[in-house]
Amino acid sequence: MTNGWIDIKNTDLALVMGGNPAENHPCGFKWVIEAKRNRNAKLIVVDPRFTRTAATSDLFCQIRAGTDIAFLGGMINYAIANNRIAHDYLLNYTNAAFIVKEGFKLPEDGLYSGFDHATQTYDRSTWTYEDGSDSGGVVASHAAPAAAAPGAPKPLPPLPAKVAYDLTLQHPRCVFQLLKQQYSRYTPEMVERVTGISKDQFLKTAELFTSIRKDGDMKKVATIIYAVGWTQHSFGTQTIRTAAMLQLLLGNVGRAGGGVNALRGHSNIQGATDLAGVFDILPGYLKVPTPADGDLAAYLKRTTPTSSKPNPWDSYNYWSNTPKFTVSLLKSMYGDAATKENQWAFDYLPKVDRNYSWTQIWDNMYRGSVKGLLAFGMNGVAIGPDSQKNIEALKKADFLVVGEIYPDETSEFWRSPGITLDEMKTIQTTVYRLPCAGFAEKDGTMTNSARWLQWKYAAVPPPGDARLDQDILAQIFLKVRGLYQTRGGKFPDPILNLTWAYSDPQHPPLAEVAKELNGKALADLTDPKTQVTIKKGQQVPGFAWLKDDGTTACGNWLYAGSWTEAGNQMARRDTSDPSGLGVYQNWAWSWPANRRVMYNRASCDPSGKPWDASRKQVWWNETAQSWVGNDVPDFKLDSNPKDHMGPFIMNPEGVGRIFGPLAAFADGPFPEHYEPIESPVANLFHPNQPNNPVVKKMKTPADKYAGPNDGYNVICTTYRLTEHYHYWTKNNPMNVQLVPEPFIELPVELAQELGIKGNDKIKVSSIRSYYIAKAFVTKRIKPMMIDGKKTYQIGIPIHQGYRGIQEDAGRDARTILNRLTPTVVDPNAYTPEFKGFLVKVEKV
Amino acid sequence: MSQATLAIKKISGHPGPAPGADVERDYQVAKLIDTTTCIGCKACEVACLEWNGYTFTETTFDNSYQTMPSTAWNYWNLIKFNEHEREDGTLQLLMRKDQCMHCADPGCLMACPADGAIVQYTNGIVDFQQQNCIGCGYCVSGCPFDIPKFNPTTKKMFKCTLCSDRVSQGLEPACIKSCPTGCLHFGSKEDMTYLAESRAKQLRENFGFEKAGVYDPAGVGGTGVIYVLHDVTDPEAYGGLPKDPHIPWVVRFWKGPAKWIGNLAMLFGVLGVTLHYFRYGPKEIHPPKNGDGGKP
């Protein structure tokens, strides 16, 4: 979330799309209700189904799964055409005025400039700004076209330091004009044909959403709230980009009640990504080294951006501190073994040579190169996609370790439905099942969607033989290190030199791990500006103290400030909120720097005055020559508004990116509508380029993809229910009685066509597998007209499987939903396309 | 409790007894359910079970999100779901928390023949006292909301207590405490009515629900559970909330006129006997004329 849960109460308008917070985040959804009750805020819900969130909405649009970019692109088009945009914000806080390099081409035919059909990748060298260092301003629009020669991938040139720009926004190659041109194709008529939302309904929605900028008013704010309904597509990142662009266009980012807000589906998913639970990042979103990074200097050169902006403007470019964060991380990991001479042990870090994302791990196991799996805190077979492929993969593995609180589908993959006793005997995988502690049996922190780190205490000790996850991992590590010590190995140094200075190495206390993440001084340090000193061994007060000379250690720069000399900031429970904006500055701790709304400099006009005086977050205090406020300013404190420093300090441009240059995205600097990999219709924008061009299908025999000509023509989407939590709660009687059995939601009209009545057993098949459950015949999903053709959507909850109260009692068909879903991923985040695949429906 | 400790015993400079002495005031309590902000999460269902010590009930999926068709003797709190199509063709997913309405004029209590099996507290809570219940089920016929339910094992009737055990200790009912959106409120009837009316006004004026209103039916003397509805003219759409609930005439007749007719009949009977006594004197036992009848 750019903002936070409580901040939603400050909004005037909420657009919920690709999410169902009333069902999946009921406690957080209260803030939408608060806004409705206390501010008369309106709620727009766009979803393939009329959900329980939609039940409280003021306007609902039923959308075809996977067409969100078409809808949002239509909104951008509407906002520009009707001048419902935040002009000053757009000009000063985004790259709307930046001029894009000659040779860049918009995807009228579905492809941006630089596409290489052979490798299915883009040469992105034209996706950049025009160098403005000679002219210092607008460049002539008839400069010689730069040759965009596709070929062998070469390192991309950096962004120009001085960008050509046009403050009149009239230059044909300025970002604003390109944006306008790009989405001029997304007319209300196109939106209707592609998404299935009638033109009237779309116009009503666009009118309501953009009404906050009616007549140039800047006071009102709208928020966009989304979840995995947006991410789980082969163009998921670009959907979120479209929302971010719309919010920048309307001046809603950085403001109380605004922003682009991702709702996390697990209590600590935010923490998992912050701490690099993903293969391509290190803690604090530092980039992972690749083999091409010969040494630390090369790595830092590649990963440390240099500012790129119009010459008269200023850019903080906070990522310029990357070397400090990186060296402090290396010092935290390798302690005294990290020295200046050995480049702070840079060579100890694994170099990532290719994609090791979720679906890739399973694909590698299926192909036989991954021999074992340690599965903690997740149920890989049930998660899918294509659960059957994962089951087949596990059959080929040597070993599987599952740390869980219940027997789950993964640890019992060998008895999944369809496996005969004879086949069971042939499965040679050794399965180790480790009973683990549940969330209430552990202390530590969870980082919520609002980026808050909240310290929690263990409520009860783990039952029986159950152990804490960190104890199990620590003991495995110590055992492995012991083996390296006694037997040696090819490269024992990273293992032998890893810092493991816990008071009880076998049972690392999480309080000590938390302190390690915050970081400490390794020498006496003095801030040259304030003359404040911290002593060697003391916790650092914040990431501004981190150094690249080895005098600080920090496990995650974003968490610096969470456990200082003043104690555990995450355990704070002060409920005072003097501003009334729901900031709660002294409740727990929020990254970065205890800041509750990110980019909050943008809540003020260029002169430093809040756009809305009734929602004052931060402001420029002329007397003090400093930024002050109710929240921690997300800005250089002494940067006078006259200096025109951009509020988006993490971008080298200093401004919000309406155009995402160079390597920012694999599939285009502007989002474009592509069809899901399995789609019932042609891409109406460019039939010859139906799907995201850089998306690659998997190639094992298990990976099959269908089209409507294969007899699969019903669109299927997946979701969670408020009554259940993933694959756990089918073991809990209280949840089971609320929703006892699996079901499939289908429209009344489709049911009538197929002679299906409510509660009938039905079978849904994709080209990969099938799923059996009872029919839930509902008016809440209507047939849709897609390009004039009647099209049906159905929805299936993900929760059931073959282990649980009902399953064990034989009251359930015991199939797993994700046997249906295809293995195909978003090219930026590698999230699988769980939403919007093709199936057929029949009565059992 | 707090009222008792703050009740005035003596008072300075005041002739006569302390004003208000020996007068106990009790709030009429009420639960407000704003159906327009209910998200059907069923937290109240689980909270009710857990507070009252009920465990797992086997349920069956029935083409709905609704947990079961109606409340049960061990399931007092149920969200009723209805996919409702309005006249303009738009869809509503109506969700209403169903439970005992705690009528001011409780039909169950009126119908109940067992001494002390149903009581109404001064705060308005209508409570079943199972130790006095004879399991006759008459309360069912007295209730216009289909709430009292029979436990076949103990042969007693059960229903929502409005958490009288919690309320007597100054706590809100368990369902209220669990509600994540704040669609449930608890307080004095006066406050809840005010809150409900202001919310209904907001819905009418700002959200286009012209028929929004408060459900507090007069037919049962008003209720201790009041609803805000998007359309107060159509409560039936909310999982069969009766439009004009009242105690069935049979019960009213039986417990009203019929009772008096019965009493009258009994009175006349006694009167007749008395008059007969005075007119004809006591019935005499005549000795047997033929001499053998009196033998033991």
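Order of the sequence lines fixes the chain letters, A, B, ..., with proteins taken first and strands second; residue numbering starts at 1 for each chain.
- Closest non-hydrogen pair, M734(A) versus Y54(B), comes out as CE-O, 3.5 Å.
- Heavy-atom pairs under 4.5 Å with chain B peak, among V739(A), L738(A), T53(A), D58(A), at L738(A).
- Shown here for S64(B) and F776(A), the closest heavy-atom pair between the two residues is CA-CZ, 3.5 Å.
- Atom CG of N63(B) sits about 7.5 Å away from atom OG1 of T778(A), to the nearest 0.5 Å.
- Counted within 6.0 Å of CD on Q129(B), heavy atoms from surrounding residues, nucleotides or ligands total more than 12; the atom is thus considered enclosed.
- Top candidate by heavy-atom pairs under 4.5 Å with chain B, chosen from E34(A), K779(A), E723(A), E741(A), is K779(A).
- Heavy-atom distances place the backbone of C38(B), and not its side chain, under 4.5 Å from chain A.
- If you measure heavy-atom distances from A54(A) to chain B, you find no contacts under 4.5 Å at all.
- A 4.5 Å side-chain heavy-atom check between M68(B) and Q737(A) finds every atom pair outside the cut-off.
- Only the side chain of R811(A) comes within less than 4.5 Å of a heavy atom of chain B; its backbone N, CA, C and O stay farther away.
- Within the 4.5 angstrom heavy-atom criterion, atoms from both the backbone and the side chain of V736(A) approach chain B.
- Within a 6.0 Å radius of NZ in K149(B), other residues, nucleotides and ligands contribute more than 12 heavy atoms.
- Scanning both residues, T60(B) and K774(A), for their nearest heavy atoms gives CG2-NZ, 3.6 Å.
- Residues of residues 43-52 of chain A lying under 4.5 angstrom from chain B, judged on non-hydrogen atoms, are R49(A), F50(A), T51(A), R52(A) in numerical order.
- Under a cut-off of 6.0 angstrom, the local environment of CD in E207(A) is crowded, with over 12 non-hydrogen atoms contributed by other residues, nucleotides or ligands.
- Closest of all the heavy-atom pairs between G182(B) and R37(A) is O-NH1, 3.3 Å.
- Proximity to chain B is limited to the backbone of A41(A), based on heavy atoms less than 4.5 angstrom apart.
- Proximity to chain A at a heavy-atom threshold of 4.5 Å picks out E83(B), E85(B), L91(B), Q92(B), L93(B) from residues 82-93 of chain B, in numerical order.
- Using a 4.5 Å heavy-atom cutoff, the side chains of I39(B) and T56(A) are in contact.
- No more than 12 heavy atoms of other residues, nucleotides or ligands lie within 6.0 Å of NZ in K220(A), so this atom counts as exposed by the packing criterion.
- Contacts between K782(A) and chain B at a heavy-atom distance below 4.5 Å involve the side chain alone, from C-beta outward.
- Under the 3.5 Å distance criterion, with hydrogens and angles disregarded, no donor-acceptor pair is assigned to the side chains of E23(A) and Y65(B).
- The minimum heavy-atom distance between T722(A) and G40(B), with the atom names listed, is CG2-O, 4.0 Å.
- At most 12 heavy atoms of other shown residues, nucleotides or ligands fall within 6.0 angstrom of atom OH in Y194(B).
- Closest approach of T181(B) and K30(A) over heavy atoms only: CA-CB, 3.8 Å.
- Heavy-atom distances place both the backbone and the side chain of T37(B) under 4.5 Å from chain A.
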